[in-house]
Structure formats: C-alpha cells, structure tokens
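What follows is a single structure, written as structure tokens, with notes after it.
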Amino acid sequence: MQKIPIAHFEAASTLAVVVSSNEPLLFLSDELKVIAASASFCRAFDIDPKTVCGQRLSEIGNGEWAMPKLASLLRATASGSANIEAYEIDFLRPNQKTRHLVVNARTLDDGDIDHIRLLLAITDVTDVRAEARLKDDLVRDNAILLQEVQHRVANSLQIIASVLMQSARRVQSEEARGHLHNAHHRVMSIAALQRQLSMSDGGKVELLTYFTQLCQSLGASMIADPDRLSIQVMVDDSAVAADVSVRLGLVVTELVINALKHAFPDERPGAIVIDYRSSGKDWTLSVTDNGIGMPAGRDAPKAGLGTGIVEALAKSLNGEIQVSDVGPGTAVTIRHRESAGLRTDLSTAASEPNGLRNAIPAEPMRLAPPI
C-alpha cells in the first residue's frame with residue numbers, strides 16, 4: 001500500500017476544521033488566495049461557497065474585500081514581520097449599512113513546509129458596538145437628567161429656606177418663630193447633604209468633606225460670633241453609601257442644633273466636636289460639647305422632636321446611643337458593632353471610673369435640653 005505523506009493528512013484535517021467552523025474563517029495562501037472558507041463566513045457575507053476557493057481575497061464577493069491596508073498586513077504576517085491582532089475595519093457594501101469587523105490573523109503550520117499558510121478570523125462587532133453606544137448615550141442622558149434634578153432640588157431648598165426665614169420675621173409668637181428657625185436649620189442641612197451627594201462618585205460619600213460642609217452651613221446660619229462658638233470636625237477617611245450618609249448627616253444636624261441652642265447660654269464661649277471613626281464594618285459617631293452639661297432630676301427636660309429623630313435614625317443604623325456628662329459638657333455617642341461580642345458590657349462599664357460615659361442609660365434616651 002502506498003504511503004500518503006503525513007503533511008497531506010494534516011492539511012486535510014486543517015481544511016475540515018476551517019470549513020466546519022462556526023466562526024467566520026478563511027484559510028489563505030501566502031499569495032492571499034483562498035484555500036478554504038468556513039460555511040459561517042460565506043453565510044455572514046453572502047458569498048457562494050462554490051465560488052470562493054482559489055480566488056484572491058480582493059476578488060471575493062463583489063470586491064468588497066479589496067482592502068490594500070489589510071492585504072499589506074497579511075503579507076507582512078506571512079513574512080513573519082508582523083501580526084494582526086484585533087485589527088478593526090469598516091466593511092462597506094453597496095446599499096447596506098457599514099459593518100464593523102475585528103480581524104485576527106496568524107501563520108499556520110499545516111504540515112506543508114514549502115508554503116506559508118494564513119488563518120484569518122473575522123468577528124462582526126457591529127451589534128456589540130451599537131449596544132455599547134446606546135448604553136453610553138443612556139448613561140449620558142441619565143447624568144444630564146440627574147444634574148437637572150439636582151439643580152432644581154437645590155433651587156427648591158433655597159426657596160423653602162427663604163420662605164421660612166421671611167415667615168419667622170413676621171410672626172409675633174416666640175414659640176412659632178423658634179419652630180420656623182428650627183425648620184430653616186433642618187432645610188439648610190438637607191441642602192448641604194444634597195450638594196455633597198451631587199459631587200459624590202459611585203454612590204459613596206466621603207464623610208470628612210460632607211460633615212465639614214454640613215457644619216459650615218449650620219454654623220453660618222446659627223453662630224453669630226464665630227470667635228465665641230466653633231464647630232470642629234474630626235473624621236477619618238471613611239466613605240459610606242449615600243443612604244447611610246443621609247442618616248448620619250441628619251443625626252449630626254439634630255445634635256449640633258441641640259448643642260448650639262442649649263449648651264451655651266448667656267453668651268458662654270465653647271466648642272462642639274464631631275468625631276467619626278470606623279474599623280471594618282464597625283463605627284462610632286460622637287457629638288461632644290463643653291457647655292453647661294445635662295440637667296438632672298426634676299430639672300431634666302422632656303424629650304423633644306429632635307430626640308425622637310435621633311433615636312429613630314440610630315435604630316435604623318443598628319446603632320446604640322450613649323449619653324454622657326463629660327464635665328463640662330455633654331457627649332452623645334452612637335456605636336455600631338457588627339459583632340455582638342463587641343458590644344459594651346454594661347456591668348463592666350458601670351464599675352469603671354468613667355462608667356457614666358460608657359454605659360447606656362436604662363431609661364429611654366433624653367437629650368438635654370430638648371431639641
């Protein structure tokens with residue numbers, strides 16, 4: 001029996017693989033003549049499979065593959081001086097939309113050492129690119145819409161704050177005036193939050209920047225003499241989700257307003273310190289003042305609206321509230337511990353010298369004086 005050269009078997013195997021491939025493939029000679037074309041290539045580009053073999057690449061179809069730059073790159077690949085990797089071309093045919101193709105080519109050893117063979121793979125990325133452009137357009141449109149909404153929200157908050165201040169000047173009742181001023185301060189804190197959220201990236205809010213801007217806003221609206229009262233922000237580099245920052249910001253707003261209103265009577269000088277520290281998923285927020293401290297016994301005030309707001313927000317954050325007399329002044333601390341084993345041991349805290357600062361009151365929290 002006559003032996004058939006191994007090269008013939010390898011060549012036949014290569015041809016079978018190319019023809020049966022589900023991907024558009026061309027098997028080319030070093031002269032860029034088609035040795036074989038996959039059925040998927042012929043279907044994708046409307047070419048009669050019976051006419052393709054033996055033709056030059058530039059002659060396939062109606063000549064739409066006559067691309068001088070592609071031909072030059074293929075010849076360079078055949079000579080070993082270049083490679084075609086993810087080369088993009090615009091495929092143009094009369095009366096049809098432009099298709100975007102990605103071409104890869106490499107030399108292929110099919111067992112015939114006397115001739116160089118090229119395997120050309122074509123990927124149609126027209127639809128993928130169209131979807132990407134559509135997604136980019138949607139992202140851009142959403143960003144523009146969000147920017148417009150934020151602009152309108154900022155304007156609305158300014159209008160509300162202005163109306164509240166005008167109403168406060170007109171009313172005769174001191175109690176009503178106080179309520180209007182409180183509402184104004186809360187609106188201003190929301191405005192500061194909105195500004196920070198509009199500048200946040202990826203849904204995360206940097207607390208140092210946010211708390212600083214928030215306290216600057218509160219100070220500008222409530223502190224007449226900055227030399228007498230100050231608000232200090234001591235925050236690490238924590239960044240939290242936007243919804244968490246909203247609740248933390250409202251807690252800080254209520255506690256700072258409470259301290260500014262009640263901790264420094266009779267032009268008493270002092271300072272309020274906002275401190276936030278985190279470790280993993282655990283965090284501690286405290287608002288401390290060096291004012292007159294908490295009234296006790298019968299002088300202890302009833303809980304106000306702000307107390308309810310702080311308690312509700314702390315609960316939503318899975319935090320525990322601690323109120324301490326720090327002599328002079330008051331500290332309100334909210335602690336969140338992911339592990340139950342890290343929660344404060346009340347019996348141990350009560351036995352320590354500073355037990356009041358560490359213990360959680362057995363009765364419902366009372367911020368004194370009321371917010």
Side-chain angles (χ1 to χ4, degrees), residues 1-140:
M1 181 181 294
Q2 183 179 2
K3 292 185 178 180
I4 300 176
I6 295 177
H8 290 181
F9 283 112
E10 293 180 345
S13 176
T14 301
L15 289 173
V17 170
V18 170
V19 172
S20 62
S21 172
N22 291 325
E23 299 297 326
L25 296 178
L26 286 176
F27 193 33
L28 304 174
S29 70
D30 53 359
E31 297 176 346
L32 305 188
K33 287 186 177 181
V34 178
I35 300 172
S38 67
S40 58
F41 174 86
C42 296
R43 287 195 304 270
F45 301 104
D46 300 323
I47 295 174
D48 185 353
K50 299 177 182 178
T51 64
V52 69
C53 292
Q55 286 190 322
R56 293 184 180 276
L57 179 64
S58 59
E59 299 170 344
I60 294 177
N62 295 314
E64 58 267 22
W65 288 94
M67 304 177 193
K69 186 174 290 188
L70 176 61
S72 176
L73 287 173
L74 287 170
R75 292 191 182 95
T77 301
S79 67
S81 60
N83 287 312
I84 299 180
E85 295 182 0
Y87 176 63
E88 297 192 21
I89 59 176
D90 290 334
F91 188 68
L92 306 176
R93 287 189 294 183
N95 303 320
Q96 295 191 35
K97 69 175 184 179
T98 301
R99 298 170 71 177
H100 303 287
L101 308 180
V102 174
V103 175
N104 290 274
R106 53 166 294 182
T107 59
L108 187 65
D109 182 4
D110 64 350
D112 186 352
I113 61 176
D114 296 326
H115 299 89
I116 300 296
R117 301 290 189 259
L118 294 172
L119 187 63
L120 182 65
I122 302 99
T123 303
D124 190 338
V125 296
T126 305
D127 294 338
V128 173
R129 294 293 167 80
E131 290 176 3
R133 285 195 299 271
L134 178 59
K135 184 182 294 185
D136 291 341
D137 291 342
L138 289 174
V139 170
R140 184 175 61 254

Apply the test salt bridge (charged side-chain N to carboxylate O under 4.0 Å, His left out) to residues Arg129 and Glu88: give CA-CA distance (whole Å), side-chain angles for both, the deciding distance (0.1 Å), then the verdict.
CA-CA 12 Å; Arg129 294 293 167 80; Glu88 297 192 21; 3.0 Å; yes

Minimal heavy-atom distance between Thr126 and Thr98, with the atoms involved, is CG2-O, 4.2 Å

More than 12 heavy atoms of other residues, nucleotides or ligands under 6.0 Å from CG of Asn62: yes or no?
no

Gap between atom CG of Leu73 and atom CD of Glu85 - 0.5 Å precision:
12.0 Å

For Val52 and Ala37, which heavy atoms make the closest approach, and how far apart are they?
CG1-CB, 3.9 Å

Under the side-chain contact (heavy atoms from CB on, under 4.5 Å) criterion, do Leu26 and Leu118 qualify, and how do the steps go?
CA-CA 8 Å; Leu26 286 176; Leu118 294 172; over 6 Å; no

Begin from the C-alpha positions of Arg133 and Asp136 and carry the test salt bridge (charged side-chain N to carboxylate O under 4.0 Å, His left out) through to its verdict.
CA-CA 5 Å; Arg133 285 195 299 271; Asp136 291 341; over 6 Å; no

Does a side chain donor of either His100 or Asp124 reach within less than 3.5 Å of an acceptor in the other side chain?
no

Is the side chain of Ser58 donor-acceptor paired with the backbone N or O of Ala66 at a distance under 3.5 Å, no angle test?
no

What are the two closest non-hydrogen atoms of Cys53 and Ile35, and how far apart are they?
SG-O, 3.7 Å

Quick check: does any side chain N or O of Ser72 sit under 3.5 Å from a backbone N or O of Pro68, one acting as donor and the other as acceptor?
no

Mutual orientation of the aromatic rings belonging to Phe45 and Phe91 [parallel < 30°, tilted 30-60°, perpendicular > 60°]
perpendicular

How long is the straight-line distance from CG of Leu70 back to OH of Tyr87, given to the nearest 0.5 Å?
6.5 Å

Distance from Arg75 atom CZ to Glu31 atom CD, nearest 0.5 Å?
9.5 Å

Run Trp65 and Ile122 through side-chain contact (heavy atoms from CB on, under 4.5 Å) and show every step you take.
CA-CA 12 Å; Trp65 288 94; Ile122 302 99; 4.2 Å; yes

What's the spacing between Ser40 OG and Leu25 CG if we round to 0.5 Å?
6.0 Å

Can you give me the closest heavy-atom contact between Glu23 and Ser38, atom names plus distance?
O-OG, 3.0 Å

Between atom CE of Met67 and atom CG of Leu74, what is the distance when rounded to the nearest 0.5 Å?
10.5 Å

Run Arg93 and Asp46 through side-chain contact (heavy atoms from CB on, under 4.5 Å) and show every step you take.
CA-CA 11 Å; Arg93 287 189 294 183; Asp46 300 323; 3.4 Å; yes

Once you round to the nearest 0.5 Å, how far does CG of Leu120 lie from CG of Leu28?
5.5 Å

